Each structure stands twice: as C-alpha cells, then as structure tokens.
Amino acid sequence: MSSPTEGTANTGSFVTEEALQRLKKRHGAEARFKLYGQLAIGIAIVALVALLVSIFGQASSAFSRYVLSYDLNIEASYVDPDGTRDPEAIARNVSGFNLMLQDQLADEFLSDDANRNLRRELYGMFTRLAVLPIARATADAPETIGSEQIFNVALADDIDLFLKGGVSARKSIEIGTVAAGDGSTEDGVTLTLASQDAAEKLGAALTELTRTDVDDAPAVALIKAGNTWYRMEASEGRNLSLTYLAGPRALPSEGAAIEALILAQSQENRTVTDRQIAWTKILQTQGRIKSVLNTSLFTNSDSTYPELAGTAAAIVGSLLTMLVTALLAIPVGIFAAVYLEEFAPKNRLTSLIEVNINNLAAVPSIVFGLLGAAVFINFMGLPRSVPLVGGLVLGLLVLPTVIIASRAALTAVPPSIRTAALGVGASKTQSVFHHVLPLAAPGIMTGAIIGMARALGETAPLLLIGMVAFVAEVPDGPMDESTVLPVLIYKWSTGAERAWEPQTAAAIIVLLVFLILMNLIAIILRRRFERRW
Amino acid sequence: MLETFGHLPVAWLLFAVLAAAAFMAFYVGRTQAVGIARGYTSQLNSQPNYHGYFVAMATIAPAAVILLIYMMFGESLVRAQFASELPERIRALGDLELGQYIDRISEHATRRDATATGNALFDAASDRYTDLVGLSRIAAILLAVLAAAGGFFFGRSRLSGDFRARARVEDGIKFLLFLCAAIAILTTIGIVASLLFEALRFFSRVNVFSFLFGTEWNAQTGADFGAIPLFFGTFLIAFLAMLVAAPIGLFSAIYLSEYASPRVRSIVKPILELLAGIPTVVYGFFALQFVAPIVRASATWINGLPFIPDGFLAAQPTSALAAGLVMGIMIIPFVSSLSDDVINAVPQTLRDGAYAMGATKSETVKQVVMPAALPGVIAALLLAVSRAIGETMIVVMAAGQRAQITPDPTADLTTITVQIVALLTGDTEFDSAKTLSAFALGFVLFIVTLIFNLIALRVVKKYREKYE
Amino acid sequence: MPDHIVTAFTDELEHLSANLLRMGGLAESMIMDASRAVATFDLELARDVIKRDRSIDELEVEAEKAIIRLIALRHPMAGDLRAVLGAMKLAGDIERIGDLCKNIAKRCLELNGDENRAAVKGIERMSRAVSHQLQMALDCYLRQDIEAAKMVLDMDDDIDDHYTSLFRETLTYMMEDPRQIGSNTHLIFMAKNLERIGDHATNIAKAVYYMVTGEATTGAKVESRLAKDAGEQR
Amino acid sequence: MPDHIVTAFTDELEHLSANLLRMGGLAESMIMDASRAVATFDLELARDVIKRDRSIDELEVEAEKAIIRLIALRHPMAGDLRAVLGAMKLAGDIERIGDLCKNIAKRCLELNGDENRAAVKGIERMSRAVSHQLQMALDCYLRQDIEAAKMVLDMDDDIDDHYTSLFRETLTYMMEDPRQIGSNTHLIFMAKNLERIGDHATNIAKAVYYMVTGEATTGAKVESRLAKDAGEQR
Amino acid sequence: MDGNMEHFTQTKSSARADAASAPIKVDCQNIDVYYGDKQAIEDISLQIEDRSVTAFIGPSGCGKSTFLRCMNRMNDTIESAKVTGKIFMDGANINDPSIDPVLLRSRVGMVFQKPNPFPKSIYDNIAYGPRIHGLASGKAEMDEVVENSLRKAGLWEEVKDRLPAPGTSLSGGQQQRLCIARAIAVSPEVILMDEPCSALDPIATAKIEELIDELRERYCIVIVTHSMQQAARVSQKTAFFHLGKLIEYGDTERIFTNPEHGRTQDYITGRFG
Amino acid sequence: MDGNMEHFTQTKSSARADAASAPIKVDCQNIDVYYGDKQAIEDISLQIEDRSVTAFIGPSGCGKSTFLRCMNRMNDTIESAKVTGKIFMDGANINDPSIDPVLLRSRVGMVFQKPNPFPKSIYDNIAYGPRIHGLASGKAEMDEVVENSLRKAGLWEEVKDRLPAPGTSLSGGQQQRLCIARAIAVSPEVILMDEPCSALDPIATAKIEELIDELRERYCIVIVTHSMQQAARVSQKTAFFHLGKLIEYGDTERIFTNPEHGRTQDYITGRFG
C-alpha cells in the first residue's frame, strides 16, 4: 500500500491504521532479511573472485618464459670429443654442451682474463640442464655438428623473473645525451649530462625508489650510454661517476643518448647482479632474448630448478591413479548401491551398512591416508609412492561418495517404475537392470565423475603414502613411483625460491582445468539427461 | 617352457581365455535351451538367454575362485617351495633376511630383461624361481580350465524346461552385488582396525592420559606427546571457519531457495558449487599466498594502533586466522548446498499455507520454513564442523607448526591433521613412537568426526523421514 | 441407525419423512371427514374436504421436489436410496388417497340426503376400516416396522369384503328403487374409492416393507393385486 | 445428445426406454382388445387380456428394478436423472393402464351379452379415443417431443366428455330397465376405467414434458386434476 | 475483538439487512489470467454470494483453480502469472496495486489440496496467523482465539487434550480441519478451498463436507472440486468452467438437474469426450 | 499363439462349459497378512468370478489394497509382509513356494494408482512384457501384439501415429490406458487394478471405466477403489473391507441398494464416524 491516506480512498475498510503500522514494520524486516541473503552471496562470490584472481595473477607469468635465442656453433670438440657421432653419447654429454655455451657466451661478453667470479656470474644466467634440448636435438641430427645453429636456451629463473618485472622495483628513464665523457674504460668513467634537468630527473627518480624501510641501501642506477652499461656510483651536479658493467669498452661519444635504469634494491639484496642485468639488457637489444610459451610446464617432469620443472609426470601419475580409482570405485560403488537400494533385506545389518557408508563419506580424507599407510604399505607390503596404492586409497575414499550418489540416483527413480516392471512379470533383477539402472545412469555417472573430481583434487592421504617423493621421470605404469598434480602443487608451494610461486599457480591452473572439464561433463550430463519425476 | 610362462603376461591371457569360455558357454546354453523349447520359448521357465548366462556363470565362477586362491596364496606357495630348495646355508638365515633374499631373487627373476649377474648361485636361484613361478602358473591355469570345464558340464546338465535358470543367474548377480557392498564395510573395518592397532601400540609406549591431557607436544623429537595444543588448534580453527561459513552459507541458501529468481539461481548456484569443487590444496595455496600476508599486515597495523599494547597480536606469517578464514570459505558451499537441499525439501504447500495466511516472505521463511528445516540445517552445520576438523591441506599450508595454546588467532597454531602429515611424510618407520603417535591422533580424529557425523546423519534421517 | 456424517443429509431425509407423515395425517382426516359428510349429509364438511385436497397436492409437489433434489445432490445409497424411492411412492399414494377422498366429498354433494341408510352406514363403517388401515400404514412408516406392515397387508382382505358386500347390497337397493339409481351409483363409486384407498394404504405398507428390508414386495404385490382384482371385478 | 463415455450407461438407459415402449405397446393392445371383447362379447379374448396383464406387471417390476439399479449404480444427473425418474412414473402409469384393462376384461366376463348396444358402442368408441391418446403419449416419449405432449394433454378433455355422456346414457338405461342394473354398472365402471386410462396417458405426456424441459408440470397437473375431478364426480 | 473482526461483523449485519436478494461478497469482473503467453482464464465475470458455498467444477486444466487463486492474489507468487480485470470485495478492487496482498490474504483464507499444517504444535498452527497479524494481545486472548477456531472447525473435542502435539501428528482429515481452523483463526470473510478433500478418504471427506456446511453460516466459501458429487453435496451455487471460460453459473440444484448449457449437461452426465 | 496363450484359452473354454453358475477364477481361502507384528488382513476368504469386475471398497487402511496385492504376490516385494492362506487360481495355489511369483505376475496383470509408463517409447512400453516372456518371436509378431494390446485398451487410434514417442508424453488418462495395454500385452488372465483412476479427472476416469467394462468380456478384473460411486458403476461384485476383515461380499447392485451388514450400510450411506 503506497500510503495510508491515499489508500483509504479505494481500499475502503480493508486497512486499519494499526494494521498499516504493523505492515510497515513487517516490510522493513522483509527488506533487511533479503539484504542479509544478498550480502552472504556477495561475500561468497567476492571470496571466489579473490581466490581466482590471485591465482591467475600469479600464474600468468608462468605460462610464458624468456629464452636466450642464441646462435651456437656446435663444435665437435665439445659435443663429441670421441668423434664417434654416437647419438646416445651426444645426448648424454650435457656438460660438453654446457661448456660450449658457456665458452661461447664468455667469448662474446667477457675478456679473456675475466676472473672466475665474473664467469660464474655469466654462467649463472642459465642453468646447466637448459642445454639438454640442444643436446637432444644435436643427437638427433649429428650432421649439424660443426655448423652454426640457433637454439633457445632457457634463462635462469631469476633472470626470467627479472624480465617479467620481478626481483626489484625499477624505473627506466631517458636522461638526455652525453655532453662529455672522461676516464678510463677499464674501471670507470665520468660522464657529464647535457642538461641540468636530466640530472635532476635522475636524482628525483633515485630518491623516489629509495625505500629505507625495506632495506637500508639506497636505490641503484644503471646507466646506458651508447651501447655500454655502467653502474652509477655517485653523482655531482651533471657529472656522473660510473663503473663499467658490460658492452663495448669505448668511451661513449658526445651526443650519445643516455638511459638510466633505476632499481630499488642494490645487488646485495637481490638475486640478479647488476652485471647480469646489463648483459640481459644487451642481449635484449640484440633481439636475442624472446618470450616463448612455457611448454615445458606440460612436457617436463619435476625438477629442482623451477624454470625446468613441469607437470608432465604428475599429470600422468594423476591419470594412472585416477584409472585405478575409477576401476575400483565406480563398478564397486554402483554395484554396492544397487545391492543396498534394491536387494538388501531391510534389517539391522543393512541399516548398519547404510550408516556406515554415510559415515564413511564424511570421514576426513587423511584418515584414509592412515588406512593406506597402515594396510597397503605396512601390512600388505605394497611399494610406497605408486599410483596403484594411491588409486586404491582414493578409490576407497570416493567409494562412499559414488555409492551415495548412485543410491540417490536410484532412489530418484520412482518406485512406480519398479512396480510397473514387476507388474508385467519382470523379476526383481530384470526390473533393476532393464529399467531402474538405465534411468539412474545419468545420475550415477554424474556422481561418479564428481567423485573422481574429488579424488583428483585430493592431497592429504597421498602425502601419507609417500606420493610426495620427488619423481623426475614420467611413470610407466601403476607400479612405478610417481606423484600427482595436487601433491606436486603442495610440494612446489613449499619451494623456497620465489620462482616457485608462479609455477605453483600455473600447476593449480592445470589442475583446475582438469577439474572444470570433469565438472563440465557432469553438468552437461545432468542437464541433458536429468529427469524430473 | 616353464620359463616362458614365468614371464608371460598371464593375467591378460587368462582373461582372454575365460572370456572366450564364457562366451562359448553362453552360446551352448542358449542353443540347448532353444532346442528344449522347440520354438515355444515362452513354455520354458526361463528365457533361453538365461540358460546361456547360467552355463556361462557355472563355467567362470569355479575358475575365478581358483584364480583368486592362486592370486592370494600362489606366491607364498612358490616362495615356501623355493625356500625349501635353497641350500642349507641360506636357509639358516633368519626369517627376515631370508625373506629379503627371496625378495631380491624374485625381483630379479620377474624382470624380463634380467641378465646374468655373475653370481652363479644367485643366477641359478633366480632361474629356478622363474621355473617355479611358471609351474605354479601352469598348475593354476590347468586347474582353472578343469574347473571351468567341470562347471560347464554341470551347468549344461542342469538345463531343462522347468529349470529356473533365471533365478540361479539372479542369485549369482545378487551375490556379486553383495560382495561389492561388503567392500564398503571392509573399508570401515580396515580403518578402525588399523587405527586401533597402531594406536594401541602407541599407547603401550605412551600413557593414554598424558597423551590426551598433556599440554606439551614435541613429537618430532619424540619427547612430548601431549595433544591438548593440537586439539585446541583444531577446534579454534574449526570455530573460526564456522564463524565464516555458517552465516554466509545459511543466508546464501535461504536467499537462493526463497528469493532468487530462477535466473539468478542458475548463475549463483554453480558459482557456489565451483567453490566446493576447488581442491583443498588450492585453498591452502590461497591462504598461504594471499590471506596470510593480509592477516599479518592487519595484525601489524592493529599492533601499531594507539591503546594497543605492543605485540598484542602475534602477527605470524602463517596463522590460525588465515587458515580459519579460508577454511570457512571452503565450507560455505558445503553449508549452503546442504541447507539448500533441506530448505527445498520443505514442501511448497507449507509456504503456500503461510502466504495464504497473509505472511510475508521473510515471516514464512523464519517461522515456517526454517523451523521445518531446522533439524536438517543443524545436521548440515554439524557435518560442516566435522569437515573443518578433518580438513588437512589448508592447515598444513597456512596454520603453522607450533603446538601452543593461545587465544590469539593471528598466532600460528598446529592441528591434529597437520601433525599427522608432519609425522608421516617422508620415510616412516612403523615402530617408532613418532610414527605411531600419528595413528593415535588419527584415531582421535576419526572418533571425534564419527561422533559429529553420527549425530548429524541421525538428525538428517529423521528429518527425511518426516517429509517422505 | 446412526446419523450421517453430513447432518444436512439426515436433516433433509427427516424433513422429507415429516412431510410425508403430515400428508398422511391430512389424508386420514380427509377420509374420516368425507365419510362423516356422507353419513351426516354435511355439505359444508364435504366442501371443506374438497378444499383440503389442495394442500395435499402441494405437499406432494414439495415432497417430489425434495426427492429429486436428494437424488441429484446427495446420491443416496442403500437404505437411504430405498427410503427416498419409497418416499416417492408414498407421496404418490397419499396424493391419490387425497384425490379419492375429494372425489367422495364431491359425490357427496351429488347425493340428495335420502339414500338408504344401510348403504350409507356401510360406507361409514368401511371408511373407518380404511382410515384405520391408513393410520396403521403410516405408523409403520414412522416406526419402520415391517411386522405392522404385514398386518396392514392382511387388513386389505377385510376391506375388500366390506366393499363386495356393500356393492351387492347397493345393487339390490338400486333394483328395488330405480329412482335411487343415480345416488346409489355414487355410493358404489364411493365404496370403490374407499376400496382403492385401502389399496393405496396397502401400497404404503408394501413400500415400507421395501424400504426396510430392501426386498421388492413384487411377489406379495402381484398376489395382492390378483386378490384386489378379484375384489374389483364385483 | 452425444453418447456417454461409458457406453454401458447409454445402453442401460436405452434398454429401459425400450422396455417402457414395449409395456406401452402391450397396454395399447390390451385397451383395444378389452373393448373389442366387450363389443363382440368375446370371452376368450377377455380372458386373454386378463392373462396379458401379467406380462405388463412383470415388465414394470423389471423396469423398476432397472431404475433403482440406474440410480444406485450410475448416479444419473441432469437430463439422465429426469429421464430415469420420468421412466419411473411412466412405468407406474402403464402398469395401472394394464390393471385397468384387465379390470375391463374381467367385468366383460360378468356381462350377459344382451346389454344395450348403444352403451357398448360408446365404450368401444371411447376406448378407441383412449388408445389413440396413449399411442400419441408413447410416441412423444419415444421422440421426446413436447409439442406432441401438449396435444395429448388437450385430448383428455374429449375423453372426459365421452365418459360423462356415457355415464348419463347408461344411468338412463338402468332406470329404464332395472334388470340391467348389474351389467350396466359394470359398463359404467368400464367407462370409468377408460377415463382413468386417459388420465394415465395424460400423466405420461406430462412426464415426457418434465423429462425434456426439466420443468415440473405441477401447474398443469393441478389444473388438469381439477378438470379430471370435475369429470369424475359425474 | 479488534478492528478486523468488528468490520467483519459490520459487513454481516449490513448484509443481513439486504436479506431478500443474497448479498454479493466477491464481484469478479472480466478476469483474464495469462501464464507467460498462455491464457489460462478468459474474461470471466462472476458474483459470489456471501454466506453460501460456491463450487467451481470443470475438467482438469479448465482454470478453476487458477481463478480461485485470483481471489487472494496467490497468483502473485507465481512468477509468470499475469492477472487483469477487477475483483471487488466489499467495494474495494483487490487487484488494485495499492492493495497489499499480505493484508488481503488475512481476510481471504485459503485451504489447499494437501493438508499442510506447519511443523509446529497444534496450538501454534492456529496461533500463527493471529500472531503475525496482531489479532490477539496476551496469552488468554490467544487461547480464546485458538479454542474458538478449533471449535468452529469441529476439531476442539478431538485435540483439546493435546494442543502441544505437532500438527503433523494428526490424521489426514484432522490435518485438513486443522488447516481450516488455521484459516478461520485470522477471522477471514472469505474462505477459498482448493480441492480440500482430494487427498482424503470418503469418511474424512464427509467430515470436511459437514464442516463446510456448518461454516457456510458465517463465511463466504468458494470451493474448487474435482468431484461433481461433492459440488452437488456442499454447494449452493455452482460454476462450470471449461477451457478457461465460465460456461454456466447458477444454483447447484438447477445445474445438476437442469443445466442450461449443453456442455454443462454433457460434463455432468458424463458425455464429455 | 503360444503356450501361455493356449493355456489361457483352455481355461476359458472349460469355464464356458460351466456357464450356468459363473466360473470361479480366483479362490482365496483364509488369507492373513501381517506387516511385521501388525495384522493387516484377517482371515479373508473370497471367490472371484471370471469375466467380471469385482470391486474392493472400504475406508483407508481397511486392507483392500493389501488383499489385492496378495493375488499376484506383490506383497512378496515388501520385506516385512507375511501372507498365509491359500489362493487358488485355476486349481493351483499361488502361495505355494513352488510357484514362481515372476511367472505368476505374467498371468496376473496389475495396474497401479498412478499411471506409471516406463520412460520409453509407447511401443517399447507395450513390448517390454512380451519380450521378457518371449511371447513374440520377431518384429512382425511383436508389432501385432503391440497393436492388439493398444486396440484392446482403446488407445490405438490415438497413438498409432506416434508409437516411438515416449509413453510419458501422453496425458494422464492415456498413460493409464497405456499401462492397461501393457498389462494386457502379456496375455494375463486376471487384471488387478489398484485405484486406477484416483489420479485422473472425471473425463479420463469415465474413459477408463468404459475400458474396464469392455475388458470384462475377456478378463477377470479386480479393482480396488476409493470411490464407492466408481465401484457401483463398473463392478458386478463388490467386497467391503473394514479393519482388515471382509465385511460383506456380493452383487454390486445388492451391496449398493440393500447391503446385509450394518457396517456396509453405514459406510455406503456415509454414516461412518
């Protein structure tokens, strides 16, 4: 009612003042109640969005990675010192390839007398195993030995992270041109900026990025003049005193453009050194660093190096485990449900079974892990860390879920169908297998898929049966050591290096994709075949 | 030949043979039945197909039993025989070492690409072992084939016009179904037995009371096994989780089932279900990477406020609060979908009744629908609590490891499940108190959740009966 | 018998039977008054009787309506159905009784007052018997008493005897005194009417018998009709 | 009107109406035969008519059973209910017609064959009229024709006139020849019976009117009854 | 009692003054109802008398229930339903947007096909309506309302000793009478019944019919029924619906003995194909 | 046709020889049924005639349905039910353990309260029974069985053009006739119907009743019904049950016009309190 005064005209005796007062209060309560509901849903959705955003945000960087696209001269002396051209030997000769890459890089970037530290800094830009693909490729085509080939070499995770904007807050500015340069090329130079403005700009940027509350060192400026990179040690007006880092050793010519890269953290506080940054920048200007899709995430197995670690073994491990789980849980679950729902006499034993199954479904998953550890491993002596055991444990874990879902689907088939079948002279078994089970099939399948999805995401019980072990090889069969995706995620998430974080997020996304696919199938099944009685 | 058998993938072979036998038996049985009926199949007690099934069943079942026996006892038989053939010197070894020796031999023997090791005795033994395995397999297969043949002829002999083949076949099917149902029971028995067994072993070393009521927990060093801090951590986190999940889940369920238009419902419900489908390890990661830092920052900020004593909140990088919040989010769909089911089960006629009395929607919900649904909702909450108590990954990743009793939710706490994982990951020796304490904890966990579950399930059952 | 769960149904049935009894009472009084009018040659009374038939007719219409209503809306079954159908017969019979009484009263108006006393006395006697029979029939309807109903059936023979003797007697008078032929004919018709009233009373008893036992009185009816016809042919 | 979904119901209704028509046909023939027996003094025919009443009675019992059955088991409504209740009335009327014919035939047996021809002729003529009226009434039942039913109602006056003149005539004869009083009284009763048959035919027409229109013919009935009584008092 | 009740009594007395022609309680004018694109009710106008029972009959899907639900705007609770036309109750058009359906429903009670007592005690079932509408102040008054309602519904004697027992513990027929008592408790003027006996056996049905007959003395009752026999037994007026249209409306006796419309006749006599 | 059918025909002809007194098809002797400790049926003996419709009536819970379900041993499917006594069908005691209930049910068809077609095509609904009993060899024969059954159930004309459509797409009344056709398809001798019209509207009900009346010519039909009117309309014999006992059994006409037993009279006339 809009208002009591307006209302009285045509509503006549319908309302009393008192009733209207009450009504107003009641409608107020109504609106508040509704708001609580909306709020609750809002919070739930916000939580979900926050979760997804944080994970996708983390993961996005893991799906691409930076590689050094380097034209390597495949020298026989490195790769095939025996000259046998034996592919296997070549493939195995990782250190030869490594040495070759190191030497060729050193040739380009370091003077011959560079000390070991300098060399180590350079070699640190990629990991030893990064040459593995080169070795394999060469082994596959031994005729390339002696020629120059372009290969992509994965950059070390820190460099990769730096290129993706991690490692340190930074800012890149142009500060005009060189007015004058002076000093020896060996140790350092002093450059004079063309304008006072540029100097001030540089000073302002430095102050801006200096954050003493995070670490006590001030921000660092790397200066690129011409093609040479320096670190700025001090500045005085327009004069900058610089230390050489990388690039041509010639003194920058007058008028050469100057750029400054200002980093919030000094190299003591970060995982990438100034020189490495300089090299990276030079390689970047040479166009030899490019971003590629991180296929190794799917093709590689686990590794101690985040940039090389992949989910392949875990995916296969998960699939094998799921296979075992499905073989155990689905048929046994369906049959058990059919027995309980259709055939079991209603007595105390079956009601016990019922309570038992319902309860089993709510038993914490970790208890199943304990069961697996005690029974399968300790008592039956099955090997640890194998998909067979994992699958069995998960199978038992989801068995009640499958049974309950199947029973629900069976109960949903109206009893009239059963009596109809019995009424035309079908036996109990015929009525079940001809009518009830086919009608319940979509529901059962939906339940089974959802159960499998649950198994796929399950972690805790697998930790207890040793599937957390490090597995670098794609498993061959259910009796091979392996790990599974969620456990891999758990393991990666505990990794110390920061590069593990995006990697973990990426693995989560892989897992989520599988889960979403399974749920999608379940939803489609339900939508398509669901029958309302 | 024995050796070949020792290596062949016999399982597959047998499977194929049995399948073929079953098929043939079915065909023979069917044909015979058709012959008996002379075209008037409806005069038979059972349809010809059932006669076929019966013969097939009679053929396979005994063979399957024999193969099952072989699978269970075959290897120990072979090993016993093998051990008796070993030289006295080796047999003199202790049981344990002998067993390990035979293990090595059997491992070597079953490897298809096994090559000579150079150790003559070992090689000979391993060859002999292969032979024995082959022999046992041949024996098993022969027995199985004989049993199958016997079953086949027995089955055929039973066929007649009055023979109730269908009933026999259905009995067989029922038995199979019963076996499947029994597995579920066996699981529970297995859980209870294994937990109890290991827990008893633990309690033979550590006093039950000092375990249940002790306040110091240092299991990794094997020093202290007082589980109170773990219980405290577990329940604090579960409490925090329910603080989040109960109101949000309940109100979402009410809104969805009573207020939301079908369109909104069809969008929001899957979103909530999505929340349920996310693996706990993902929540753990989320808690660790996203929520824990926020909690810590907030705690730090609160600590910095005036009037707040310094160090009022622990502000740890992992905290009970972070774990509790995320666990709450995880449980929301659990509460909401269970409550939603319960609320939807309240018959529409009740709502109509209330509307027709002139009740508003919220009055209907509060005074008619919710009282009707209350038992179910309580059960849903109990199940949610049980779930929160048993949840592992979130707490493992985000709650911390320190066993302490503190009401400060920003401190890091540990829980039963965290300790189980911590104690059982990596290599485990099944006879150290450290390992066994995990089983004791598991037993406690199982009992506690069992109690919650039983109460909840009983309430749910009562509730269902009311509206069915 | 217990009441119907739906009391309105019981009410309607009771209302119907009350109506019928009222009709019956009216008819009874009409018989007596008509015969008294004849005996005392009371023309006023005769005219009154004629007038009274109107209310019986109206009551019958009402009863018939109520019966249709009951059948259409209440779907009576078993005993109730028999009660309703029996009531329909009763209403028809009583209405006919009213008609016949009116006819007697009308004929009374045609008499000249000096008819032979014996015949007039005979009619008076006969009317008493008939009225008693009707009274008993209505009584057994009220009490749903089949023993009484059987007695009513037996009484019919008496009345038929009455009629036969009266018929013979009057015929003799007519032959003796041809001038009286006109009025004597009327007397014969009166007697005949009374005999018919007796038949209707018998029918009422039969209807009651049917209502209570559910057994068609067909056998009895046919027999009694033969008896009646035997009486009639005189 | 379309058939009932349950054809057995339609069948039963049709069977009932066929039965009634058969009864009607029988009654018609009895009227004609009875009067012919009187006219030709054919005692054989008279005895035959008497016998035939038995079958009408049986048919009535059957019809009544069928009606009770229909009401109890089929719960007829609206038009069907009217048809069934109308049939009940019809059956009663036709049965009465049969009785009256039998009575005529019985009285025929009491005649001595030398009654005055004029009166006998008059009865024959009257019976023709009555039989025609009945025929028309049955016809309008068959065709559910209310226009025809109205015509039947009109015909009743003719018959009443017939009766009145016959009554007067016979009375005259009786006075003239007192020896004939006995047989002439029978003739008067015969005429009276025929007049009653006419009334019943009228009732049939009224029942048809009710069946078809659902309107009680009460008004008409009361009126006509008055007319009838006016006739009767003579 | 209170405002509502007073008003109730008032209406009644004014109605009684006009005893000659039965007073009209509900006057429906040109009602159309659409479910989405489907028209369920087509231009129905109908005047329902006070203090009498009006029955709606017709084959399944003829719209009788839909029309009934217009009278307390229960169709509002169905998303896709659209109602046009005017329904006057004591002069006010209840379809007017200014009328709050919540208040309307307190004056137009409804009883449903399946007995639907609230999962509360018998007492609270009855007290629920008066409570939300504030019709009784204090326990004593409420007790009185409960007792009166139960008495009117003929249930008092059966349940007076177990008022705290749950309403669902009663038998089906008792539950339905409880629902009627519940409807009565808010002192409605009109009571709508949607096939109130279709879930009950003949005995329970007869009891409800008896109750309806008693309630007729105080309320305007509209009943939708599947069973023509029931309509014949309990109602004074009958409306026959077919395909969303009102075919015939009149005295029950006439409808069942002499319907005017051929389709009514066909339906009632079982000739409907 | 086949063995079953032959047997069926045989019985019929022998029955016809005995035309004077109606042949007895089912002879129940001293039947008791217990549900757990509760006795649902108490010592009922009853002889059911062939080629006629026998109706079971009585208040809710009187045991009429339970007794019906004894006749095809549907009570076997209820765990706690225990049936004692003998039921002879063509001389064989169907309660004998040597009788296979599954085969029995192919000779005693059953139609249920709610139409329950299988969620398959109309064709398959009918064909299912003959298929599992091997009553038709080959598609052509099956087509014939299906057509015949549908014709007998009066549904052929309505569905012949859409045999592959799902059975559930039919209207309620059609579904029920489909269920009857399905029961007929296995050539039963007895057809049990458990309140077959209680979920249908009057028109559909009338159609089913008409069908029952037609089927009476070939089958022995036993129908449990809630509605006395229905029993009156369709049956030749009526049995009245009360509290698990058979109170009265006899010709329907007699039961409805002149029941012997007071309790029957009370129930039928609506006096049952």
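Model, not experiment: these values are computed from the prediction. Numbered from 1 within each chain, the chains take letters A, B, ... in sequence-line order.
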- Note on the structure: Most contact-rich option vs chain B, by heavy-atom pairs under 4.5 angstrom, among A/Ile465, A/Ile55, A/Leu396, is A/Leu396
- When rounded to the nearest 0.5 angstrom, what distance separates OG1 in A/Thr459 from CD1 in B/Ile394? 10.5 Å
- Toward chain A, the part of B/Val291 with a non-hydrogen atom under 4.5 Å: neither
- chain A heavy atoms under 4.5 Å from B/Val282: which part of the residue, side chain, backbone, both or neither? both
- Query: Atom OH of A/Tyr490 and atom CG of B/Leu288: how far apart are they, to the nearest 0.5 Å?
  - Reply: 10.5 Å
- Message: Please classify the contact of B/Leu272 with chain A as side chain, backbone, both or neither, using a heavy-atom distance under 4.5 Å.
- Response: side chain
- Item | Under 4.5 Å from a heavy atom of chain A, the part of B/Ile329 involved | side chain
- Please state whether the rings of B/Phe251 and A/Tyr36 are parallel, tilted or perpendicular, taking 30° and 60° as the class boundaries. perpendicular
- Query: Which bit of B/Ile191 is near chain A, if near means a heavy-atom gap under 4.5 Å: side chain, backbone, both or neither?
  - Reply: both
- Query: Would you call B/Glu273 and A/Ile523 a side-chain contact if the rule is heavy atoms closer than 4.5 Å?
  - Reply: no
- Message: Can you give me the closest heavy-atom contact between A/Ile366 and B/Thr417, atom names plus distance?
- Response: CD1-O, 3.7 Å
- Task: Tell me, out of A/Leu456, A/Ile357, A/Leu515, who's got the most heavy-atom pairs with chain B below 4.5 Å.
- Result: A/Leu515
- Message: If we define contacts as heavy-atom pairs under 4.5 Å, which of A/Ser365, A/Ala50, A/Pro331 has the most with chain B?
- Response: A/Ala50
- Select, from B/Tyr283, B/Phe290, B/Phe197, the one with the greatest count of heavy-atom pairs under 4.5 Å involving chain A. B/Phe290
- When rounded to the nearest 0.5 angstrom, what distance separates OG in B/Ser362 from CG in A/Leu35? 12.5 Å
- Donor on one side chain, acceptor on other, B/Gln289 and A/Ser54, under 3.5 Å: no
- Query: A/Lys428, A/Gln38, A/Arg32: which one forms the most heavy-atom pairs within less than 4.5 Å of chain B?
  - Reply: A/Gln38
- How long is the gap from CD on A/Gln430 to CZ on B/Arg166, to the nearest 0.5 Å? 5.5 Å
- Over all heavy atoms of both residues, which pair between B/Phe439 and A/Ala373 is shortest? Give the atoms and the distance, please. CZ-CB, 4.3 Å
- Taken to the nearest 0.5 Å, the spacing of A/Asn359 CG from B/Arg458 CZ works out to 12.0 Å
- Message: Would you say that B/Leu274 contacts A/Asn519 through its side chain, given a criterion of any heavy-atom pair below 4.5 Å between the two side chains?
- Response: no
- Query: Does the side chain of A/Leu371 reach to within under 4.5 Å of the side chain of B/Thr187, using non-hydrogen atoms?
  - Reply: yes
- Taking the side chain as every heavy atom from C-beta outward, state whether A/Leu512 and B/Pro279 have any pair of such atoms under 4.5 Å apart. yes
- Item | From CG (B/Asn453) to CG (A/Asn358), nearest 0.5 Å | 9.5 Å
- Task: Name the region of B/Glu391, side chain, backbone, both or neither, that has any atom closer than 4.5 Å to a heavy atom of chain A.
- Result: neither
- Item | Region of B/Leu441 that comes under 4.5 Å of a non-hydrogen atom in chain A | neither
- Message: Looking at A/Ser427, is its backbone amide N or carbonyl O close enough to the side chain of B/Glu170 to form a donor-acceptor pair, meaning the two atoms are under 3.5 Å apart?
- Response: no
- Is it the side chain or the backbone of B/Ile254 that comes within 4.5 Å of chain A heavy atoms, both, or neither? side chain
- Item | chain A contact via B/Leu457 - side chain, backbone, both or neither, heavy atoms under 4.5 Å | side chain
- Task: Check each atom of B/Val365 against the heavy atoms of chain A and say whether the ones under 4.5 Å are side chain, backbone, both or neither.
- Result: side chain
- Nearest heavy atoms of A/Ala44 and B/Leu275, plus distance in Å: O-CD2, 4.0 Å
- Item | NZ/NE/NH1/NH2 to OD/OE distance under 4.0 Å, B/Glu363 and A/Arg26 | yes
- Task: Answer with side chain, backbone, both or neither: which region of B/Phe178 has an atom nearer than 4.5 Å to a non-hydrogen atom of chain A?
- Result: both
- Under 4.5 Å to a heavy atom of chain A? For B/Tyr50 that would be side chain
- Top contributor to chain A interface from B/Val244, B/Leu450, B/Thr280 [non-hydrogen pairs under 4.5 Å]: B/Leu450
- Note on the structure: On a heavy-atom basis, the closest approach of B/Ala184 and A/Asn356 is O-ND2, 3.7 Å
- Within-4.5 Å side-chain heavy-atom neighbours: B/Leu195 and A/Leu370: yes
- Item | Residue pair B/Ile173 / A/Phe433, side-chain heavy-atom distance below 4.5 Å | yes
